[in-house]
Structures are given as structure tokens and as C-alpha cells.
Participant: 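Quick one: the structure is below, questions incoming.
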Amino acid sequence: MSDPTAEFVPEPRPRMDLLRFATAGSVDDGKSTLIGRLLLDSKSIFEDQLEAVEATSASKGYDYTDLALLTDGLRSEREQGITIDVAYRYFATPNRKFIIADTPGHVQYTRNMVTGASTADLGLVLVDARQGLTEQSRRHAVILSLLRVPHLVLAVNKMDLVDFDQATFDRIRADFTSFVTKLNVPDLEVIPISALSGDNVVTRSDHMSWYSGPTLMHHLEHIHVASDRDLVDVRFPVQYVVRPKSDEHHDYRGYGGMVAGGVMKPGDEVVVLPSGMTSKIAGIDLFDKDVAEAYPPMSVTVRLEDDVDVSRGDMIARVKNAPVPSQDIDAMICWMTNEPLCQGQKLAIKHTTRTGRALVKTVQYRLDVNTLHRDQDTAQLGLNEIGRVQLRTTVPLLCDPYSQNRTTGSFILINEATGVTVGAGMIN
Amino acid sequence: MNHTHADYQLSQLDQLEAESIHIFREVAAEFEKPVLMFSGGKDSIVMLRLAEKAFYPAKIPFPVLQVDTGFDFPEVLATRDSWVNRLGVRLVVASVDEAVKNGVIVDDGKTSRNRMQIGTLLHAIEEEGFTAAFGGGRRDEEKSRAKERIYSHRDEFGQWDPKMQRPELWSLYNGRLHAGEHMRIFPISNWTELDIWHYLGQEGIEIPSIYFSHQREIIERDGMLLSASESVRPKHGEKVETRTVRFRTVGDMTLTGCVESEADTINKIIDEISIARLTERGATRGDDRFSEAAMEDRKKEGYF
């Protein structure tokens, strides 16, 4: 056998891009069935997986294949028949790969939903057509908008159980659209489906001729995500200093990191924060190649013309466009552990590649994620609660508002004694 | 020059690569003693490639650990040596036979070699004091992996507790540890089997020859095609036949089955996988067949 890699033609197929989306809902909404349907109809389910699920369904005495069993991964979840953690699923169509963050819907799992939404380009909310909007579906929309997920889809499921009735769908769509005007949702699509029978999931339904919009899969495949990233404000958190110290690369000093915003080019005048020293980009390396431009979310190594002092935790930005270092942080925080967040508490904080400590100065209000009511009469946040909090940090954070940049606007809080991640923050 | 947003859109493979490089750098920056668990299989070769890119032109700043079951394919060991030599990284070999000899684990004659790797691996991690171990696990492989974090915490016994996992948000990873604990790191969590093959093709890098179609003496057992060897001999009623096969995964020779295939190039493998009807583990890994929760149980004990 000669060199088997030789005849490989790179990118023989159309270039694939990536869509990450988060789903929320409980078993009752048919969420697991919907995901099972997307996987099955896009041929991402294998025979052995399907056989295992068919066998389990039969052993439980079901007279149908429970597609939800495909997605409930952990033994305890299978025993209880619920989804309690974030699970990641993968499928692809010819032009796009999809990563689903599959999260539980109940209020006691809000933190899991926040986790799944943190990296999502699109959020999928499910409602049961028979019930219309519930507290749960409103809460899901609120969380997705808080996490600044740029695209939202409401799938009105179980249309088969309301005789594919247009008036029912129109009423739910109107309710939801009016609720969403109070939130930050730049893009909304409402689609009538039946996950169980497959109507409008991948193939167009024969039962809803009154609906002229896209099927769910068509929408997921064609939604435009390229414009969601900030390509104006250069933000490069320095992650790792590359110094080979070898004979061949004796003087090489590069700064490894992932571009968090803007387009960087050799020759650009830049400032290194927090020191404020300025220099020019000498070159940008991607492995053994020079690149002309670096943009989010590329992982590159940046070289500067001057021998300035740069280390992990610093940030490279443009001279006339840089974040203002601040130790006073105003943020929305989702609390993720049993012991409540209280004023006066000290925690570890990780923001981009910086770590430090944070003191909880005030808990300004708790947000009721069902009603958007702000409860000012509180000094703490409990598990799964979200509220507005002021922090004082030991090191200045090089941050932007979360609404401008989801990378430089986010942080996590860590309990210093247990080492556990206890909070997620979005900077105002 | 006028650019549109579309000019600044990375392909999905480039996005996966960027995410993985980010993870390698984060671990190298935050952990005292990382190690890369290397099986010689395609996933761990992709990991080595990503690590090479993450630190280039510097060398990879951590060693490579291989658990030697004593039943590894010679072609795989040859590829391992070639990679390690080219990159100039230190290779740590943790041998199951040595572990049995030293009383670290017990060979009761019933436990599979794959399971015996657990004790061997944990012992090596403890011995060397590694605080972070990169693994090539992918979330598309198996249901319990679908819920595992990229930074996956292990207690002082090396155990994974699926119910006590730390939330993992954005690209902010929490590497805090107590003494004696370590972290398993899965930089290619979001890659699928097809992504791995596309990347291997794109990079044009060396992988073990047994992934490509070849003639091999095999024994058909319980629906699996096992490679005939000194360790796998025909039982009563079984016969040794020569067939045209390739391996979809590589592991312990006594447990890893091959599939009949004519695919002798990466392009043909990609075409084959695209229409495959069985998962790679379901088709070829005896160790995952015993129960629906087999992988979850082994992971809790400290498997890769």
C-alpha cells in the first residue's frame, strides 16, 4: 500500500459551517422525541443504537419506539425517565454540522439550561400545542435572552393532537411574540410541528397547508450565523506565552490565545492591558503558517514588534478601542449551588484568562425568570436563581458588557474551599 | 478592501481545531503536571497533532502516557514511536504486565485486559503525580460520554461522579483540584468520527496501517471479526479465515474486532463511514457490549 493520505483532496465536499443550538423542555413537551427525530431523519442514528432503544422500549411494554431513550444518557436518568444534565448531540447535513446542547426544562435545572445556552447560537423552545404558553416556556425564553442567544425558535409541538388547527397555532404565536417584545430577541421563528409523526421537522407536513414557513430542519440549516460575532472591537486575551528557547527559534516569543473580538492584522497598532504599553503586531502564526488576518474564534499566536512584558491574563486590544480595566463589576449572576450567594461572601473569579478573587458587595435584586419581576427585597441568591449583583475584584477585569461580547463579558465564580463552579456571570 | 461577515466565517473543522487548541493551552497554563494519554489510535493522533499546533514552534510541554496492555497491535506501536520521535516528547509506558507483577492489580484470569488498564493507568498517574490527563474521548461515541465535561474531575480514587459534575460554561474551564485529585481533559469532545477522518485527511499525517483495508487472518466470534494471533486462537467450531478487513478502532487485540472493507484510502474510509449503519464501538468493541451502561460503569471506576 502506498501513502494512503496522498490522494485525499481537501474539502471535496462543500465547506461545512457550524451551528450550536440549545434545546430546553421536559419529557412532556416531546423534546427528547424531537431530538430523536432530528437525529433519525438526518440519518445520524445507527442501527445498534436504534436496536438498543427498540429493545428497551419493548421490555418496558411500550407499543412504540421511545425516541427519548436515545438521548437520556446516564443510568440514573434512564431509571427516572428524566433528563437531568446537559447532554451534547451531534448531527450533520451536507452543509452544516450541528451541536445540540440538550438541557432539562424544569425550574430546578435552570443552571443546566444556562450552561447549555452559554455557547449556543440558537435556542429552541418547545411548547405543547394543547397547553399553549406555560410558565416554563416563558422562563426558557427569558434565560435564552439573558444569555444573549441571538436566534430563537419556538416549536409548537403536538400539532397532531389539536387536529393541525391553524387558529391554535396563531394564538400561541401571538402570545409568544407579544411576550418576547419585552426581551432581547433579535430573531424569532415560530414553527408548527409534530415530533412524533415528523410533521415539519425534516419533511413538510401534508396536514398544515396553511403554514408557508420553513420546516424546522430547513430553518436550522439556513439561518445566518456569520454576522453574530463582533468583528469590530479587537479583543485578544493572552492565554499562553510560547517561547521555544531552541537554537532554531532562539528569539521567538509569541502570545497564544483565541481571538475574542475584531479582526487582527500584522502592522496593527495595539495596546497591551492592563499595563497600557503599545506596540505593533509583527506577525500572526497559525502553526507553521503566517496568516494575514485573525478573527473569532481562531486560536493563533501573535508576535509583537517590541519586547514588551506580556503574560497570561493580559489582553491585546487596539490603541483607540480597548476595554477600561475595572475592579467594580456589575453583573447578572446565575447561582448554581445549594449554599446561597450572600453579601460579604468571597469567591474565586475566572474571566477570560484572568483569575482573581471577588467580594460580593451587594445583591441588588433577584429576577423572577417567570414574570421578569425584580425582587429588591433580598440579600441573597439561592440555587438556580438569577439576580443583579455588584462585585469588587482583587485584579482589574479587562471586560466588555456581555451584550457586546459574550466572551469578554462573561465570568465564572468558584468556591475556594470546594473548588466547585458555583456561579455564572454576565457583565452589565 | 471590503469584507463581508461571510469572509470571516471559519469552517466547522477549523472551529473544532481552534477550540481544541484553546483547551490544550489552557491546561498547559493552569496545571502543574499534565500528560497526554496516547493509545496510538486515530483520536490520540489527532490530539497529538493539535498539541503540536498549540505550542509550535515550541515543543509540546508535557509527556505522553501509553498503557501497554501487552496485546497492542505492532503497527500501532510503530506509529506511536514514529510520532514520539518526530515531536521529541517524553514517552511514559505503563505496562499492565508490570502492574500485575508488582501487585498493583490482580489478574484473576476473568477480568479483561481493558478493565485491567484502569488500575494500571491510575497507578501511573499517581506515581508520576500527573494532575491533568488528556484523553481522546468524544461525546458522539457513547451516551454517558455525551454528558461528560471537557474538564472532567476525578477524586483521589480516580473515580468519576456523573451526578456531581461542575457546570461548564462558555469557554471558561475550572481546573481547581485538591491534593490527590486529578482532571481528565477531553479536548476533542465535540468531534465526531467523521470529523476525525476529515482532519486526518486534511493534515495528511501518519496513522497506523491497520486502519486501511488489508488481508488478515481472522476468527469470527459472537458476530465480531477478531484478528487471529497467539492470544486469539480458534475455539471449538471456529475457523481461521483470510479476509479483506480494516479496523475502525484500535485497542486490545483480543477484544477489538475489524470490519470487512475495501477502503484503502482516507477518502474511501470517509465514504464508508458516511453510510455506515453501526457505531464504531458497537461494531468493533467487545468491551462495550456487556450492558447498556457498560461505558458509564467503567468511567466511574476511572477508565479513559
Side-chain angles (χ1 to χ4, degrees), chain A residues 1 4-5 7-10 12 15-18 46-49 52 56 73-76 85-90 92 97 99 111 114-115 118-119 226-227 231 239-240 242-244 248-249 252 256 258 263 287-288 295 297-299 312 336 350 353 406-407 410-412 414 419-421 424, chain B residues 5-6 8-13 15 17-19 21-22 25-26 28-29 53-59 139-140 143-144 146-147 162-163 165-172 174 176-178 189-190 192 194 200-202 204-205 209 212 214 264-267 276-279 282-283 292-293 296:
Chain A
M1 181 175 49
T5 60
E7 72 171 68
F8 188 80
V9 187
R15 206 173 106 114
M16 281 173 90
D17 69 2
L18 180 64
F46 294 101
E47 269 170 21
D48 50 333
Q49 290 172 312
T56 309
L74 301 175
R75 175 175 276 185
S76 56
D85 205 338
V86 186
Y88 294 89
R89 322 265 163 221
Y90 304 83
K97 172 174 164 173
I99 301 180
R111 63 179 190 144
V114 168
T115 301
S118 72
T119 51
S227 53
L231 296 177
Q239 202 187 359
Y240 189 89
V242 180
R243 295 209 62 186
E248 197 187 341
H249 303 281
Y252 187 97
M258 184 180 256
V263 179
F287 188 36
D288 56 357
Y295 50 90
M298 286 169 74
S299 275
R312 174 176 168 85
M336 304 185 148
K350 185 170 183 185
T353 56
R406 291 169 82 189
T407 306
S410 56
F411 60 84
I412 55 170
I414 298 163
V420 170
T421 306
Chain B
H5 274 95
Y8 296 111
Q9 177 75 353
L10 288 183
S11 74
Q12 72 101 6
L13 211 49
Q15 285 194 53
E17 181 189 63
E19 176 184 85
I21 288 174
H22 174 78
R25 288 170 168 170
E26 202 61 12
K53 289 193 174 191
F55 305 104
Y56 187 87
K59 280 185 182 172
R139 287 175 177 152
D140 77 324
K143 281 203 283 192
S144 72
K147 302 201 170 181
K163 285 185 178 168
Q165 297 196 85
R166 296 173 180 177
E168 199 165 71
L169 299 105
W170 298 289
S171 48
L172 291 169
N174 173 2
R176 299 255 166 164
L177 293 174
H178 292 110
S189 288
N190 285 325
T192 63
L194 262 179
L200 289 169
Q202 172 187 299
I205 50 180
S209 56
F212 299 102
H214 59 283
D264 56 2
T265 66
I266 287 190
N267 267 338
R277 297 310 306 147
L278 289 179
T279 59
E292 202 190 348
E296 187 181 341

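A, B, ... follow the sequence lines: proteins, then strands. Residue 1 opens every chain. Note that the coordinates shown come from a computational prediction; the quantities given were computed from them, not determined experimentally.
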Participant: With a 4.5 angstrom heavy-atom cut-off, which part of Tyr90(A) approaches chain B: side chain, backbone, both or neither?
Facilitator: side chain
Participant: Please answer whether the main-chain N or O of Gly419(A) pairs with a side-chain N or O of Asn174(B) as donor and acceptor at a distance below 3.5 Å.
Facilitator: yes
Participant: From Leu18(A) CG over to Asn190(B) CG, what is the distance, rounded to the nearest 0.5 angstrom?
Facilitator: 8.0 Å
Participant: Tell me which of these, Ile21(B), Thr192(B), Leu10(B), has more heavy-atom pairs under 4.5 Å with chain A than the rest.
Facilitator: Leu10(B)
Participant: For a side-chain contact (heavy atoms from CB on, under 4.5 Å) check, start with the C-alpha distance between His22(B) and Met298(A), then their side-chain angles and the critical distance, and finish with the verdict.
Facilitator: CA-CA 9 Å; His22(B) 174 78; Met298(A) 286 169 74; over 6 Å; no
Participant: So, do Phe55(B) and Tyr240(A) sit near enough that their side-chain heavy atoms are less than 4.5 Å apart?
Facilitator: yes
Participant: Provide the closest heavy-atom pair for Ala87(A) versus Lys147(B) in the form atom of the first, atom of the second, distance.
Facilitator: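 Between these two residues, the closest heavy atoms are CB-CE, 3.3 Å.
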Participant: What is the distance from atom CD1 of Ile99(A) to atom CD of Glu19(B), rounded to the nearest 0.5 Å?
Facilitator: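 Here the interatomic distance stands at 6.5 Å.
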Participant: Heavy atoms, side chains only, cut-off 4.5 Å: are Gln15(B) and Lys97(A) in contact?
Facilitator: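 Gln15(B) vs Lys97(A): side chains apart.
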Participant: Evaluate Met336(A) against Leu169(B) for side-chain contact (heavy atoms from CB on, under 4.5 Å), listing each step before the verdict.
Facilitator: CA-CA 12 Å; Met336(A) 304 185 148; Leu169(B) 299 105; 3.9 Å; yes
Participant: Just so I know, are the side chains of Met16(A) and Leu13(B) near enough to count as touching, which here means a heavy-atom distance under 4.5 Å?
Facilitator: no
Participant: List the atom of Tyr295(A), the atom of Gln9(B), and the distance in Å for their closest heavy-atom pair.
Facilitator: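 Closest heavy-atom pair between Tyr295(A) and Gln9(B): CE1-N, 4.0 Å.
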Participant: Looking at His178(B), Lys53(B), Arg25(B), Arg176(B), which makes the most heavy-atom pairs under 4.5 Å with chain A?
Facilitator: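 Looking at each of His178(B), Lys53(B), Arg25(B), Arg176(B) in turn, Arg25(B) comes out on top.
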Participant: For residues Asp17(A) and Ser11(B), determine if any side-chain heavy atom of one lies less than 4.5 Å from a side-chain heavy atom of the other.
Facilitator: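 When only atoms from C-beta onward are counted, Ser11(B) and Asp17(A) do not touch, as no gap falls below 4.5 Å.
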Participant: For the interface with chain B, which of Arg312(A), Arg406(A), Glu248(A), Met258(A) has the highest count of heavy-atom pairs at distances below 4.5 Å?
Facilitator: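 Looking at each option in turn, the highest pair count goes to Arg312(A).
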Participant: Quick one: are Ile414(A) and Arg166(B) in side-chain contact, heavy atoms under 4.5 Å?
Facilitator: no
Participant: Would you please test Thr407(A) and Trp170(B) for side-chain contact (heavy atoms from CB on, under 4.5 Å) and show each step?
Facilitator: CA-CA 7 Å; Thr407(A) 306; Trp170(B) 298 289; over 6 Å; no
Participant: Keeping the roles fixed (side chain from Ser299(A), backbone from Ala18(B)), state whether a donor-acceptor pair exists under 3.5 Å.
Facilitator: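 Such a contact is found between Ser299(A) side chain and Ala18(B) backbone.
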Participant: Measuring only between side-chain heavy atoms, which start at C-beta, is Val263(A) closer than 4.5 Å to Tyr8(B)?
Facilitator: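 Yes, side chains in contact.
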